[in-house]
Amino acid sequence: MALVSTNSLTSLLFITSSLLLLLGSFHGTKAQSTPPIVNGLSWTFYDSSCPKLESIVRKRLQKVFKDDVGQAAGLLRLHFHDCFVQGCDGSVLLDGSAGKPSEQQAIPNLTLRLESFKIINDLRSRVQKECGTVVSCSDITALAARDAVYLTGGPEYDVPLGRRDGLNFATANATIANLIPPFANASTILTSLATKNFDATDAVALSGAHTIGRGHCTSFTARLYPNQDTTMDKTFANNLKGVCPTKDSNNTTIMDIRSPNKFDNKYYVDLMNRQGLFTSDQDLYTDGRTRGIVTSFAVNQSLFFEKFVDAMIKMGQLNVLTGTRGEIRANCSVRNSDNSFLSTGVEMGQIGLAQS
Ligand code: HEM
Ligand SMILES: *[C@@H]1O[C@H](CO)[C@@H](O)[C@H](O)[C@H]1NC(C)=O
Ligand SMILES: *[C@@H]1O[C@H](CO)[C@@H](O)[C@H](O)[C@H]1NC(C)=O
Ligand SMILES: *[C@@H]1O[C@H](CO)[C@@H](O)[C@H](O)[C@H]1NC(C)=O
Ligand SMILES: *[C@@H]1O[C@H](CO)[C@@H](O)[C@H](O)[C@H]1NC(C)=O
Ligand SMILES: *[C@@H]1O[C@H](CO)[C@@H](O)[C@H](O)[C@H]1NC(C)=O
Ligand SMILES: *[C@@H]1O[C@H](CO)[C@@H](O)[C@H](O)[C@H]1NC(C)=O
Ligand SMILES: CC(=O)N[C@H]1CO[C@H](CO)[C@@H](O)[C@@H]1O
């Protein structure tokens, strides 16, 4: 019944976008040396099914960031957390419920911004109004992260699209196992990222996302109390003690003291001046394997942007669900099978609801 037509429509779209991919080799006028893209994702995925997708997201986020630029950092981090835990499948967006703990309940999530989830759901409903239920929440999250970078001064780049939303919650344990803590050293970062096929350049470039956004005291006060981390600049440390008078202060501070809201290469200049906020930041300059990369990005922003784009495109393809796997969620916070709105039979754009 509906399933059959849904599936054939999906494959029709799939064939159409593959054709477009072949025809569209002129696409991408931006200077962008891209890593290979995985089967099932394409640069033109929604060109026929939702041509206004990218402009809807961009226009809305322009307004959101104008009101509060901090939301850009929140959205960039959300995409990172989505991709590192169980792949870029939108699982980080799922609300937990009794017996079904979600990624959100895991410790590293506690500092994700509540507003980020609201912004994604708002974008989702704007896109849905225009195109029906064809665009996945994981793709919206990837586009929002790209726009967060671009609209705060970073590089413009194309995002391969066609991710589908996962049906499984990631456990709190999987979340903790895949997200690196701020007290990690460079060895831990390199080893952990290598398991996801990132090299040292990727690791240093991705960490450059900390050129925007904030951290809570508890993410770095172990560097201040009881003993001050000797790799930290003394004036910087004293200022941080003002922001965080005790180890468990409930306060936040900016991560890049030179240009906290601008996506640029100043984060690396901070590191060279021993003003990195987390151990995981500062140790990239202490460790001989990554120090030269930090320096090269500090002196050449174009180089940083180029490597960051490469690494983001790689990150955005981690364990993606494509084709007929997963689903297109009608509400980013809940799986379709748990969506009471859908199960009461209210009519929706049906494309992509084939699942489980
Ligand atoms: C290398 C491993 C990484 C570690 C250890 C790490 C750790 C952290 C921590 C502890 C925070 C602050 C949380 C808080 O206290 O509020 C944070 C914030 C942030 N992280 Fe990372 N992170 C890493 C990699 C990344 C990557 C790969 C990205 C994106 C590409 C990213 C983007 C961000 C952003 C934008 C913020 C600011 C969020 C906000 O202002 O709401 N991080 N990170
Ligand atoms: C999760 O990790 C905790 C602590 O390491 C462990 O006690 C627990 O059994 C783990 N749970 C699952 C479901 O693996
Ligand atoms: C890095 O951290 C790990 C885990 O805490 C530790 O075993 C290792 O000795 C550290 N490496 C260096 C070079 O400090
Ligand atoms: C929070 O940090 C600000 C500086 O960023 C500082 O002025 C304020 O006193 C801090 N609040 C607390 C409760 O420590
Ligand atoms: C911590 O700060 C946040 C935001 O400023 C506030 O909503 C929360 O109630 C505070 N919590 C405690 C324990 O002070
Ligand atoms: C900076 O990096 C860009 C991009 O890789 C490169 O084309 C350029 O030559 C570099 N500039 C300098 C001064 O090294
Ligand atoms: C999406 O799901 C959440 C969690 O069930 C619910 O609170 C919210 O109202 C839903 N949003 C829409 C637009 O249906
Ligand atoms: C346990 C817990 O506090 N989980 C939170 C994870 O983050 C989301 C968004 O900030 C919250 O809605 C959850 O309550």
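Every number for a ligand or one of its atoms is a count from 1 in the order of the listing.
Residues Ser333 and Asn121 bring a donor and an acceptor atom of their side chains to less than 3.5 Å of each other.
Identified under the disulfide bond (SG atoms under 2.5 Å apart) test for residues 212-256, with sequence neighbours left out: Cys217-Cys244. Screening residues 164-214 for disulfide bond (SG atoms under 2.5 Å apart) gives no qualifying pairs among residues at least two apart or on separate chains.
Close N/O approach between Ser302 and ligand 6 is not found [any backbone or side-chain N/O within under 3.5 Å].
A search for ring pair (Phe, Tyr, Trp, His ring centres under 6.0 Å) contacts involving Phe220 returns nothing, not counting sequence neighbours.
Judged purely by atom type and a 3.5 angstrom limit, Asp202 uses its side chain to pair as donor or acceptor with the backbone of Asp199.
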Once you restrict both partners to nitrogen or oxygen, which atoms of ligand 4 have a protein partner under 3.5 Å, and how far apart are they?
residue, atom, partner, partner atom, Å
ligand 4, 2 (O), Asn251, ND2, 2.4
ligand 4, 11 (N), Asn251, ND2, 2.8

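Of the heavy atoms in Asp95, only side-chain atoms (C-beta onward) come closer than 4.0 Å to ligand 7.
Counting atoms of ligand 6 from 1 in the listed order, those under 4.0 Å from a heavy atom of Glu306 are 4 (C), 5 (O). Interface of Asn331 with ligand 7, defined as ligand atoms under 4.0 Å from a residue heavy atom, comprises 1 (C), 2 (O), 3 (C), 8 (C), 10 (C), 11 (N), 12 (C), 14 (O). The Leu303 neighbourhood of ligand 6 comprises atoms 2 (O), 5 (O), with distances under 4.0 Å to a heavy atom of that residue. Numbered from 1 in the order shown, with element, the atoms of ligand 6 that lie under 4.0 Å from a heavy atom of Asn300 read 1 (C), 2 (O), 3 (C), 8 (C), 10 (C), 11 (N), 12 (C), 14 (O).
A salt bridge links Lys63 with Asp67: the closest approach of a Lys/Arg side-chain nitrogen to an acidic carboxylate oxygen falls below 4.0 angstrom.
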Legend entry - Verdict with supporting geometry, Asp122 and Lys118, salt bridge (charged side-chain N to carboxylate O under 4.0 Å, His left out): CA-CA 6 Å; Asp122 173 59; Lys118 295 199 178 121; over 6 Å; no
Inset, instruction - Run the numbers on Phe263 and Phe308 for ring-ring contact (aromatic ring centres under 6.0 Å, His included), then give the verdict. - result: CA-CA 11 Å; Phe263 196 101; Phe308 181 76; 4.9 Å; yes
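Partner Arg329 forms a side chain to side chain contact (heavy atoms under 4.5 Å, CB included) with one of Thr133, Asp165, Val135 and no other, that one being Asp165.
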